[in-house]
2 protein chains.
Amino acid sequence: MNNGRFAIALHLLTLLDQAKGELLSSEYLAGSININPVLVRKELSSLRKHGFVQSKEGKNGGSTLAVSAKEITLAAVYNSVKQLSLLGHQKNTPNPKCPVGKDINKHLNNLYNDTEKILIDQLNKKTLADFSQQFE
Amino acid sequence: MNNGRFAIALHLLTLLDQAKGELLSSEYLAGSININPVLVRKELSSLRKHGFVQSKEGKNGGSTLAVSAKEITLAAVYNSVKQLSLLGHQKNTPNPKCPVGKDINKHLNNLYNDTEKILIDQLNKKTLADFSQQFE
DNA sequence: CATTCTGTAATTATTTTTATTACAGTACAA
DNA sequence: TTGTACTGTAATAAAAATAATTACAGAATG
């Protein structure tokens, strides 16, 4: 992976799970993670699109899990936040005149994909419920 | 992982392997990767400290592999460039007054470590020789 | 002893990430 | 029916991380 979004997403989902259906505001969530509420709302927006979370607008609004924590695998969370490949990223623009440079991105990508597959298999074994349980 | 250093390191090592003992200059290496020679020299410095590479100073100097490509696992390369944990990083300073915030870093770290172990197992199965062979 | 390299520090530029500001829209509740 | 407390989102600014550049001392060669 590449970014702190995974940590934020998992933190959010854990808080929501612990709240057992009670609506939590982005202000409150941001306070626990200690980041800006707008970032929280952005991440919630992504989690919503992935079906993990539902939110209610307006006064007394907030967010809650949309599905049971048992149904959310950590692989699904990983997947929701990832945008780049695992071990690095292709801002690489190697020299196409070099036999190695010419093909390296292809081979790096194969390697990244293979490796990521293994990582996802691993994350598929754990659910949000497993993770959240640790806080009880 | 987190950075493009893995790609740079592997690219360098592949070039050195393909050169079959001939000394390559940082200028030449940088040309293939299409990055700054100083970055190359820094990465070579790290690879040297890890025993993968040796360099010769002065005129007609350059770098070459210090050990056979078969003895360099991709896990060892990964290890040489990693500085942060796999899935994110602890610039997190969650709210210690929140029961989740209080312990999340510990649990995230456990998760990262477990996951990274799997990733390293996977990378241990492949050597630089395997990777480099693809360019022939 | 001039030349061509490495090694490294220091500085600057670029890119990425995060925080902040701003404000429209929604829902509740007095 | 209107003030209040939320969400949603865009735009901007600040901060942090990465990479490039400049500079130069030191090593080996011829």
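Lettering follows sequence order; numbering is per chain, from 1.
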Margin query: Assuming nearest nucleotide by heavy-atom distance, tell me which of A:Glu57 and A:Asn34 is located more 5' along DNA chain C.
Written below: A:Asn34
Item checked: Residue whose closest nucleotide on DNA chain C lies nearer the 5' end, A:Leu39 versus B:Arg48 -> B:Arg48
Next item on the list: Please determine, for the side chain of A:Asn60, which listed nucleotide (C:dA10, C:dA29, D:dT29) has the closest atom?
Entry: C:dA29
Next item on the list: Ignoring the backbone of B:Ser26, work out which of C:dC28, D:dT7, C:dT6 is nearest its side chain.
Entry: C:dT6
Item checked: Rounded distance in Å - CD (A:Glu27) to P (C:dA19) -> 13 Å
Notebook entry, point to check: Just checking B:Leu44: base, sugar-phosphate only, or nothing, at a heavy-atom cut-off of under 4.0 Å?
Noted result: nothing
Item checked: Length of the CD1-C1' vector between B:Ile8 and D:dA17, whole Å -> 14 Å
Next item on the list: Round to a whole Å and report the spacing from CD1 of B:Ile35 to P of D:dT21.
Entry: 11 Å
Checklist line | Selected nucleotide, minimal atom distance to A:Ser55 side chain, candidates D:dA11, D:dT7, C:dT6 | finding: D:dT7
Check: Any chance the side chains of B:Gln54 and B:Ser63 put a donor and an acceptor closer than 3.5 Å?
Finding: no
Next item on the list: Starting from P on D:dC6, measure out to CG on A:Leu24 and report it in whole angstrom.
Entry: 12 Å
Margin query: I'd like to know whether A:Tyr78 forms a side-chain hydrogen bond (donor to acceptor under 3.5 Å, both in side chains) with A:Glu116, so could you lay out the CA-CA distance, the side-chain angles of the two residues, the decisive distance to 0.1 Å, and finally the verdict.
Written below: CA-CA 11 Å; A:Tyr78 171 82; A:Glu116 190 169 52; 2.5 Å; yes
Checklist line | Distance test, side-chain N/O of A:Ser45 to OP1/OP2 of D:dT9, below 4.0 Å | finding: yes
Item checked: A:Lys59 side chain, from C-beta outward: closest of D:dG8, C:dA29, D:dA10 -> C:dA29
Notebook entry, point to check: Nearest of D:dA20, C:dA27, C:dA19 to any side-chain atom of A:Lys56?
Noted result: C:dA27
Next item on the list: Starting from the C-alpha separation in whole Å, work towards a yes-or-no answer on side-chain hydrogen bond (donor to acceptor under 3.5 Å, both in side chains) for A:Asp17 and A:Thr14.
Entry: CA-CA 5 Å; A:Asp17 181 47; A:Thr14 302; over 6 Å; no
Notebook entry, point to check: Atom CG of B:Leu23 and atom C1' of D:dA27: how far apart are they, to the nearest Å?
Noted result: 14 Å
Checklist line | Nucleotide D:dT22, atom C1' - distance to NZ of B:Lys42 in whole Å | finding: 12 Å
Checklist line | Residues A:Lys126, B:Asp114; criterion salt bridge (Lys or Arg N to Asp or Glu O under 4.0 Å); working and verdict | finding: CA-CA 11 Å; A:Lys126 300 179 185 178; B:Asp114 289 356; 3.4 Å; yes
Notebook entry, point to check: Does atom OH of A:Tyr28 have more than 12 heavy-atom neighbours from other groups under 6.0 Å away?
Noted result: no
Next item on the list: Write down the distance between NZ (A:Lys82) and C1' (C:dT17), rounded to a whole number of angstrom.
Entry: 20 Å
Next item on the list: Looking at every strand, decide which applies to B:Asn36 at a 4.0 Å heavy-atom threshold: base, sugar-phosphate, or nothing.
Entry: base
Next item on the list: Could you state the atom-to-atom distance from CZ of A:Arg41 to P of C:dG25 in whole Å?
Entry: 16 Å
